[in-house]
Amino acid sequence: MAAPSSAYKDRQFLAVIGDEDSVTGLLLAGIGHVTAPPDNQKNFLVVDSKTDNAAIEEAFERFTTERKDIGILLINQHIAERIRHRVDSYTAAFPALLEIPSKDHPYDPEKDSVLRRVRRLFGE
Amino acid sequence: MEGLLYNVNNGYIEGIVRGYRNGLLTGNNYNNLTQCETIDDLKLQLGPAYGDFLASLPPNPSTSTLAAKTTEKLISEFRYLRANAVGSLAKFIDYLTYGYMIDNVALLITGTLHERDTRELLERCHPLGWFETMPVLCVATNIEELYNSVLIETPLAPYFKGSLSHQDLDELNIEIIRNTLYKNYLEDFHNFVNTDSDIAGTPTAEVMTEMLEFEADRRAINITLNSFGTDLTKEKRKKLYPSFGRLYPEGSYMLSRADDIEGVRLAVEGVNDYKNYFDQTGLGQGNGAGAGNMSGGAGGDSKSLEDIFLQREMEISKGAFTRQFTYSIVYAWVKLREQETRNITWIAECIAQNQKERINNYISVF
Amino acid sequence: MSGAGNREAVFPTRQSLGLMKLKLKGAQTGHDLLKRKSEALTKRFREITRRIDEAKRKMGRVMQIAAFSLAEVTYAVGGDIGYQVQESAKSARFRVRTKQENVSGVFLPAFESFTTEGNNDFGLTGLGKGGQQVQKCRETYARAVETLVELASLQTAFVILDEVIKVVNRRVNAIEHVIIPRTENTIKYINSELDELDREEFFRLKKVQNKKQRDTAAQDAEIIAKRKAGEQKENDRENETSGGGDILGDDEDADVIF
């Protein structure tokens, strides 16, 4: 049942969809990666109030299905909220999807898709 | 002598700036600010000082918008001063903006290098460093064009000329470019206050020399400390040190050869003030903590070196107001005001993130 | 139980009975094993969910500290470094690799973070001002990301285990509620069919036996009668000295029955 090892052995990057501060911090930690020219694909997306949901969804799609080198996708919880339907219907094991808090939006376990699944499983 | 004619041209500005200075937040105000429970409270407390500028903020604004609004006040006041200044004071105020311009140009260079749409960058630029021809720079699509337009369109041309070629923009790290420009800027500013016929020999020259020397030394020390563990070579590092200041030339030379914090400490030994700062931070006393001691905030008893430098800068700026008939109060006021914005942002950040134990890490000199 | 309907299509022979019995035994063993596996996985699963819960809370704290260290940077640098950082990102220093862990035959991938040496995109950030804070912030964030990676491992394990447990439970239930009852039914059916056959055979035998008994009894009676008649004749002969009875006369032999 477990995914064949080929499904994740190349996955060595983290990707992030977040607000400017979160992205800056995570990039400082050194997760930023830009693939070789000519396509210059970045593994991060900065979302501000002007970014529309379609762009977020597209990035989400790109990081989760198109790119095969991403092991973990980090997304700010308040941004996940904006594309909640996509996040909730995402069940694949790879890349792992992680909702992280942001500076202005403290973490709320009630909204987390995984934690909600946990709750449901234990019938709470 | 200068007292006789100073007020003819500059009396108004001086009066205004002194008025602005009295509007700066005092220790008492800060005390009130730190007692706030929410950003809204904070906004309320800032009401008397910032009034209209904060009025348009939504309830519970983010710290960054708060910072933007407080900066806005500084900008509008600064523009007012600039509009009313004449003669050498106008030039002096222009000089103040060059530092911010360097940051803006560095930003545009970064954007152009990565083939971003630089127009989007304009709004990220610091408004104090705004110059009329800046949008022109955005037309440039490659680095050579940009280089040429910078040379033609900006007051920064002398800083580029001679030390940076357009290939350098491509190859060098943006931080090195920025610091090279800043070094040239400081030297030019220093030269200006000491040679301009209106300024040389006046209290302005005296105070500004002290301030600029301090700034130069601070940069030299910081660059040295921050370059440890990076691929910046000693020769390149040496080129970033301004060629004046209390450390120059012996201290600078020793700094350029320093390999570790101990080396920096030895280099600054010649200047008593800086030696004291080092002793205060507990740096370079052979303790293993090293640069890790830079706790950023005065988390414990020992302050970080940068905090001490900031504190010192504020004291010098405060001191500038004790002199009369000098332009340097404008410079001092801008610095004080910037620090105030930083303090407010810091306090807001502490409140927003529930880190009250660090909230007193602001620097207040009044 | 839907009774006779739910059984396998086999001929009710002794051989298939043997087969069915083997099958039942196999199914029971399999059921036990799977049940145990499912329990082991569930135990693990519960542990993981508990750890996820903890880790998520921890993440909340860690990220807050990290965000705060970024605030310190903003304070020290006195400006926004976001754009510069975003543009100077080139190659990831912080990466993850995956390794496997075997839990009751399920391979759970776990992320492991590592930093590649010698590429430092932000070494010079804040060179003139705030460099120390930037370095410190990088360390803080690196630690935070490590926590995130840990959490991601747990979460992946959670997703995979969830899936596996579902499959295993489905199998357990299939065996428990479908295969075993059906096999039992089949066995019952075969048994009943065989019993039926047995009974029929028995009855038939009984019938045969009955008939045989009856016939034997009839024969016996005849023989006795004959014998009696013979005795009588003799007596008659002796007494009346009459001639022997007509053998082909009235005295017919009993039918021979085979």
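All values derive from a computational prediction rather than experimental measurement.
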Chemist: Given the options C:Leu70, C:Val159, C:Val96, which has more heavy-atom pairs under 4.5 Å with chain A than any of the others?
Modeler: C:Val96
Chemist: Considering only heavy atoms and a distance below 4.5 Å, find which of A:Val23, A:Val46, A:Asn43 pairs most often with chain C.
Modeler: A:Val46
Chemist: Any donor and acceptor pair, going by atom type alone, linking the side chain of C:Gln155 with main-chain N or O of A:Leu97 inside 3.5 Å?
Modeler: yes
Chemist: Sort C:Phe158 into side chain, backbone, both or neither according to what part of it lies under 4.5 angstrom from a heavy atom of chain A.
Modeler: side chain
Chemist: Any idea which of C:Leu151, C:Thr140, C:Ile52, C:Leu161 has the most non-hydrogen atom pairs under 4.5 angstrom with chain A?
Modeler: C:Leu151
Chemist: How many angstroms lie between atom OG of A:Ser102 and atom CE of C:Met63, to the nearest 0.5 angstrom?
Modeler: 8.5 Å
Chemist: How about C:Glu112: does its CD atom have over 12 heavy atoms from other parts shown lying under 6.0 Å from it?
Modeler: yes
Chemist: Walk me through whether C:Val149 and A:Leu14 qualify under side chain to side chain contact (heavy atoms under 4.5 Å, CB included).
Modeler: CA-CA 9 Å; C:Val149 168; A:Leu14 294 100; 4.1 Å; yes
Chemist: Has A:Arg82 got more than 12 heavy atoms of other residues, nucleotides or ligands less than 6.0 Å from its CZ?
Modeler: yes
Chemist: Given a strict heavy-atom distance threshold of 4.5 Å, which part of C:Leu148 is in contact with chain A: side chain, backbone, both, or neither?
Modeler: both
Chemist: Measure the spacing between CE of C:Met59 and CD of A:Glu99 and express it to the nearest 0.5 Å.
Modeler: 8.0 Å
Chemist: Take atom CD in C:Gln15; do more than 12 heavy atoms of anything else shown fall under 6.0 Å from it?
Modeler: no
Chemist: Would you find more than 12 non-hydrogen atoms of other residues, nucleotides or ligands less than 6.0 Å from A:Lys42 atom NZ?
Modeler: yes
Chemist: Could you look at C:Ala66 and say if it's the side chain, the backbone, both or neither that has a heavy atom under 4.5 Å from chain A?
Modeler: neither
Chemist: Under 4.5 Å heavy-atom distance to chain C, tell me which part of A:Leu74 shows up: side chain, backbone, both or neither.
Modeler: side chain
Chemist: Highest number of heavy-atom pairs under 4.5 Å with chain A: which of C:Ser153, C:Ala152, C:Ala71, C:Cys137?
Modeler: C:Ala152
Chemist: Any donor-acceptor pair under 3.5 Å linking the side-chain atoms of C:Arg97 with those of A:Gln12?
Modeler: no
Chemist: C:Tyr141 and A:Gly25: which non-hydrogen atoms are nearest, and at how many Å?
Modeler: CG-O, 3.3 Å
Chemist: What pair of heavy atoms forms the shortest contact from A:Ala29 to C:Arg93, and how long is it?
Modeler: O-NH2, 3.3 Å
Chemist: Please report the closest heavy-atom contact between C:Lys56 and A:Leu98, naming both atoms and the distance.
Modeler: NZ-CD1, 4.4 Å
Chemist: Given heavy-atom pairs under 4.5 angstrom as the criterion, report whether the side chain, backbone, both or neither of A:Ile100 touches chain C.
Modeler: both
